[in-house]
Amino acid sequence: MSATIIDGKKTSSDIKRELADEVAQLKKVGITPKLVVVLVGEDPASEIYVKNKEKACDLVGIDSVKHLLPASTSQKELLDLVNKLNNDDSVNGILVQLPLPKQIDENAIILAIDPEKDVDGFHPINVGALMIGTATFSSCTPSGCIELLKRYNIKIEGSKAVVVGRSNIVGKPVAMMLLHENATVELCHSRTRDLAAETRQADILIAGIGKPKFITADMVKPGAAVIDVGINRTEDGLCGDVDFEAVKEVASAITPVPRGVGPMTIAMLLRNTVTAAKMHAAKGRK
Ligand code: GUN
């Protein structure tokens, strides 16, 4: 039997609709959430992401401002802009699109963003809060994975979850979130011995490796839920880290690429921005 295809595009639209209702209510009490997106240089993939973020903000009623800086921007210039945005009370969320040109230290920029405006959830304060279970903003792609599992009624509690890939923006945070949801979590990576033996034990398998079609059908337990975080541009077009056509015949549920986790990242970013706006208003800022 073929798997349920988890529709991230539809789920993202549902969430955006819910957020639009919430933003309409907030506007009635004088709160308009505002997101500032900073893009340095002309990476085509980043330009598409930034455009999609703007479009999504418009749809939901969030004010969005875009700063496009040349690829030659210095670290000092970017830090100055971040500081200006930190001090601007009208700004609720700051997102600096990654990757940054090589003359700029990404960690220095992430550290400079006010943790209360860090809607990406990348600042070490927010990463630490995720670790101890007190996170206000958690990173958007991992949150999107958890949201999909929940909205498709896939039981996380008590399940064995295997995460492949240990990046700071996907593998590590999603492993922590699954743990908070009471899964038994295993975090695998490129040095894991006999990876297939590990992945075959997963009730929930999360792939965030960055290699096209890396997870093959023989690596998946029959009936598992498979969440594919990969976005790989190949000669044949976009594909995930999972061999979708083969794995969907083994899994009970699976996310496609595109229209899977990708659209959820933006929905979670908008949700974090609304959360930031509410938090700032409660502290007397609007
Ligand atoms: N580049 C790719 N994904 C992301 C993301 O979620 N946030 C930021 N800031 N940059 C990215």
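The figures that follow rest on heavy atoms only: side chains count, while hydrogens, waters and symmetry mates do not. When a ligand or atom number is given, it counts from 1 through the structure's own listing order.
With no hydrogens or angles considered, no side-chain donor-acceptor pair links Thr234 and Asp236 at under 3.5 Å.
Although no hydrogens or angles enter the test, the distance criterion places no donor-acceptor pair under 3.5 Å between the side chain of Asp243 and the main chain of Lys213. Here the side chain of Ser12 pairs no donor or acceptor atom with the backbone of Met264 at under 3.5 angstrom. No donor-acceptor pair under 3.5 Å is formed between the side chain of Asp88 and the backbone N or O of Lys84.
Of the protein's non-hydrogen atoms, the one nearest atom 4 (C) of ligand 1 is Gln97 NE2, 4.1 Å. The protein heavy atom nearest to atom 1 (N) of ligand 1 is Leu98 O, 2.9 Å.
Connection of Val226 to Ile206 is not established within any shared hydrophobic cluster, with ILVMFWY side chains joined at heavy-atom distances below 4.5 Å, either directly or through further cluster members.
Of the heavy atoms in Asp120, only side-chain atoms (C-beta onward) come closer than 4.0 Å to ligand 1. If you look at Leu95 next to ligand 1, the close heavy atoms, those under 4.0 Å, all belong to the side chain.
The distance criterion of under 3.5 Å between nitrogen or oxygen atoms is not met by Lys53 with respect to ligand 1. Annotation: Val96 places an N or O atom under 3.5 Å from an N or O atom of ligand 1; distance criterion only. Residue Phe122 places no N or O, backbone or side chain, under 3.5 Å from any N or O of ligand 1.
Comment: Arg151 engages Glu18 in a salt bridge, judged by a side-chain N to carboxylate O separation of less than 4.0 angstrom.
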